[in-house]
Q: 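Quick one: structure below, then a few questions.
Each chain gets a letter, A, B and so on, in the order its sequence line appears, and its residues count up from 1.
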There are 2 protein chains.
Amino acid sequence: MNLTIKDIARMAGVSVSSVSRVINNSKPVNDHIKEKVEKVIRETNFRPNAVARGLISKSTNLIGVILPQINYISAELINGIEGVANKNGYNIILSNTRLNPDLELNALQLFKDKQVDGIILSSIDMSERHIQLIQDNKIPVVVVGQKTTDYAIPWVDVDNYRPITEIVRYLMRCGHEKIGMIHGPLIDKSAGDSRYRGFIEEMERKNLSVNPKFVGESNFSSKDGYLAMEKILKCEDIPTAVVCASDTIAIGAKNCAEDLGYRIPEDISIVGFDDIELATLVRPKLTTVQVCFETMGSKAMETLLQSIEFKPVNIENYLDYRLIIRDSVKVVADDLGTKI
Amino acid sequence: MNLTIKDIARMAGVSVSSVSRVINNSKPVNDHIKEKVEKVIRETNFRPNAVARGLISKSTNLIGVILPQINYISAELINGIEGVANKNGYNIILSNTRLNPDLELNALQLFKDKQVDGIILSSIDMSERHIQLIQDNKIPVVVVGQKTTDYAIPWVDVDNYRPITEIVRYLMRCGHEKIGMIHGPLIDKSAGDSRYRGFIEEMERKNLSVNPKFVGESNFSSKDGYLAMEKILKCEDIPTAVVCASDTIAIGAKNCAEDLGYRIPEDISIVGFDDIELATLVRPKLTTVQVCFETMGSKAMETLLQSIEFKPVNIENYLDYRLIIRDSVKVVADDLGTKI
DNA sequence: GTTTAATGTGAAAACGTTTTCCTAAAAGGG
DNA sequence: CCCTTTTAGGAAAACGTTTTCACATTAAAC
């Protein structure tokens, strides 16, 4: 039904090999043969079958992308990945693991079966089995949003610890001392655990005690942020500022506080993390840490490309970040002479 | 380097065909052969190469998804598509066309080369060339977010006209007469043109004149929504309510109005369209039209599946919608006895 | 007990390319 | 003018599966 390279060869009166050579110009062919073939290809709109090509060339021009969920942060990440993939002739194939680590392993396997040229993995928790499978598969992998330095698997991530320490110092300089935090799931080493440790340890370093009642946990959703904030605010004593592990949490927390009659930032200051678009759309605009997930994606894809082409790659890739001061933190003391 | 079915056959002491039969259980094989083969497969962790499979079976278990951009609405759409695709053993492969119709054609071609089993196309404007290519390719296609009834290509979309007429009627019942609209690009027949026509025509039907100064255009972004609202509000006379073609536009418009000192909804009422998560996170919560994009995705994928399996399909697939009344519209007159 | 049907198995063809291998012709060197 | 080297192009092998075909062997039918 569909034309094959054999049909083209017959119609042009040349051999199959010559047609292939013209298509890929892999070897010099005589001009008059070349013209004949190109004419037939043009007239028939022939396009070589990519599957057959893949079988023999071992390359599918496909990049597997494994994500724990598909939300607007993933969307930005995908944007970054797709951008540089597309520019280099690759398409991306998606697997949503719905926060289930077993499905991550499945996806890893499946992508190997499908002979993808490389994989970008956003794992929620890199287990031994992950590492094992990645090393057995012998397909280039880049991990995003987690750090896997011990195993020589390249990764791209923000420093999740330092920005939070900067936030704590910033809040202190604004005059806050009773500071709380709503963190994410601690199984998540990066966005969960690291951000939390950054908070706890910086508070200790500054000799500020952390009231356990000022600390809540959430799964990064606005709803959970709302609930965690509710728990914090129903106590006798409440914090003057709450650090949130993500903007989504922060928005939830903000809405809760407002629903309970508190004004932001006059009564309670809130700071987020990620700087998603939402942070600028909400009022007051959210003070937060800017992390560009699109850059995360493009950087990951660039690293993967290098790995695919056997070029040397950096294992550790830290993303830039920036404290973005907007309107959700109240300045109590006025000793902000120098900017951070 | 990697094991092939031949190696398995050799190790199990049987023929290649038998191994294939065991793997696919496509034909009955003797138990003792079956056991031998299964043992070897288990011990070696053998997995058949999907590319070779695809070459002969003509099926790759891949669904091509063509999107004009990747934002949070796409994310929900993808979620829906991926969910049912995954449940049926398919993976999705993505193409971002960056609002460029030529790239849509490219993607259509490319996906054919890659022998995908089906395509979901979110086009911004279905041209003759689109139709031609889709019909030539002979690959099942489902269009989302546009209507292509004339060409027997199945589509899934909301009715964009009626909800807007309902909004207009709702606003009237709330006592509004000076109503404006910020619509989307009119090239977009669905979310752009239809929603706009719904507004204009319903206003006419109700004998309400539309002040041209109350009408603005935007590209669905919050920023553009802000700008369009700014233009409207800088006039002498301003509307009491503004219908927006999307929630993103509405949020932009809302922020603009607030920045200019107007209160929502006391001074100006605003209504959106789509009901993205943002609509509930913003204060006042946005009155809007609920459209579930995840459902749009899953419905599209279900339709595509039927098409792939040569089952009869509905060409026209309207999505449910619902007017969601929240807090961004002020009730002036109090004749809301019956609910819409 | 013979004929027919059903069943299990392996060899080989097929899928649509790229690449290797070979041969014939052209070019170059003495 | 002969021998070697280069070049161009075709035939065929290869990629890793599934499926067809042919052939036994066994079971069923009369």
Side-chain angles (χ1 to χ4, degrees), chain A residues 1-38 40-41 44-62 109-110 112-117 138-139, chain B residues 1-38 40-41 44-62 89 109-117 138-139:
Chain A
M1 185 178 105
N2 270 325
L3 286 177
T4 75
I5 202 175
K6 281 182 192 167
D7 299 314
I8 304 302
R10 190 173 31 74
M11 292 165 81
V14 300
S15 77
V16 176
S17 347
S18 296
V19 177
S20 174
R21 279 164 197 146
V22 171
I23 292 175
N24 306 291
N25 60 333
S26 45
K27 249 188 165 189
V29 302
N30 208 320
D31 280 352
H32 94 277
I33 282 198
K34 192 167 181 174
E35 273 168 30
K36 274 198 296 187
V37 171
E38 281 174 345
V40 175
I41 290 182
T44 57
N45 271 321
F46 169 76
R47 310 200 86 208
N49 180 309
V51 176
R53 259 186 169 170
L55 180 57
I56 191 153
S57 70
K58 300 287 175 206
S59 162
T60 51
N61 289 324
L62 244 38
Q109 288 265 21
L110 188 79
K112 194 223 167 91
D113 298 346
K114 290 210 189 287
Q115 239 179 62
V116 300
D117 293 347
K138 296 188 167 54
I139 295 180
Chain B
M1 188 176 101
N2 271 326
L3 286 178
T4 75
I5 202 175
K6 283 183 190 166
D7 299 314
I8 305 301
R10 191 173 29 74
M11 293 165 80
V14 300
S15 77
V16 175
S17 346
S18 296
V19 178
S20 173
R21 279 165 198 145
V22 171
I23 292 175
N24 305 292
N25 60 335
S26 45
K27 252 189 167 189
V29 304
N30 210 321
D31 281 352
H32 94 278
I33 282 199
K34 194 169 179 173
E35 273 166 31
K36 276 198 294 186
V37 172
E38 281 174 345
V40 175
I41 290 182
T44 57
N45 271 320
F46 168 77
R47 310 200 87 209
N49 180 308
V51 176
R53 258 183 169 174
L55 180 57
I56 191 152
S57 71
K58 299 289 174 204
S59 162
T60 50
N61 289 325
L62 245 38
Q109 287 265 21
L110 189 79
F111 283 163
K112 195 225 166 91
D113 299 345
K114 292 212 188 287
Q115 240 179 63
V116 299
D117 292 348
K138 296 190 167 53
I139 296 180

Q: Over how many whole Å does the gap from B:Ile5 atom CD1 to C:dT9 atom P extend?
A: 15 Å
Q: In residues 15-22 of chain B, which ones come under 4.0 Å of DNA chain D, going by heavy atoms?
A: B:Val16, B:Ser17, B:Ser20, B:Arg21
Q: Which atom pair, heavy atoms only, marks the closest approach of B:Asp117 to B:Ser59?
A: OD2-OG, 2.9 Å
Q: Under 4.0 Å, counting only non-hydrogen atoms across every strand here, what does A:Ile33 touch: a base, just sugar-phosphate, or nothing?
A: sugar-phosphate
Q: Could you identify which residues of residues 48-57 of chain A place a heavy atom less than 4.0 Å from some atom of DNA chain D, listed by residue number, or say none?
A: A:Leu55, A:Ile56
Q: Between A:Asp7 and A:Arg10, does any NZ, NE, NH1 or NH2 come within less than 4.0 Å of an OD or OE carboxylate oxygen?
A: yes
Q: Taking the side chain as every heavy atom from C-beta outward, state whether B:Val22 and B:Glu38 have any atom pair closer than 4.5 Å.
A: yes
Q: side-chain contact (heavy atoms from CB on, under 4.5 Å) between B:Gln109 and A:Arg47: does it pass, once the steps are laid out?
A: CA-CA 9 Å; B:Gln109 287 265 21; A:Arg47 310 200 86 208; 2.9 Å; yes
Q: Do A:Arg53 and A:Ile23 touch side chain to side chain, with heavy atoms closer than 4.5 Å?
A: yes
Q: I would like to know whether A:Thr60 and A:Lys114 meet side-chain contact (heavy atoms from CB on, under 4.5 Å); could you show each step before the answer?
A: CA-CA 8 Å; A:Thr60 51; A:Lys114 290 210 189 287; over 6 Å; no
Q: Can you check whether B:Ile5 reaches B:Phe46 side chain to side chain, under 4.5 Å on heavy atoms?
A: yes
Q: Taking any heavy-atom pair under 4.0 Å as a contact, classify B:Lys58: base, sugar-phosphate, or nothing.
A: sugar-phosphate
Q: Pick the closest DNA chain C nucleotide for A:Thr4 and for A:Lys27 by heavy atoms, then say which residue is nearer the 5' end.
A: A:Thr4
Q: From the 5' end of DNA chain D to its 3' end, which nucleotides mark the outer limits of contact with chain A, defined by a 4.0 Å heavy-atom distance cut-off (strictly under)?
A: D:dA8 to D:dG16
Q: Quick one, B:Val14 and B:Arg21 - any side-chain contact, counting heavy atoms below 4.5 Å?
A: no
Q: Are B:Thr44 and B:Met11 side-chain neighbours, meaning at least one heavy-atom pair lies under 4.5 Å?
A: yes
Q: Please tell me if the side chains of A:Asn2 and B:Lys138 come closer than 4.5 Å, counting only heavy atoms from C-beta onward.
A: no
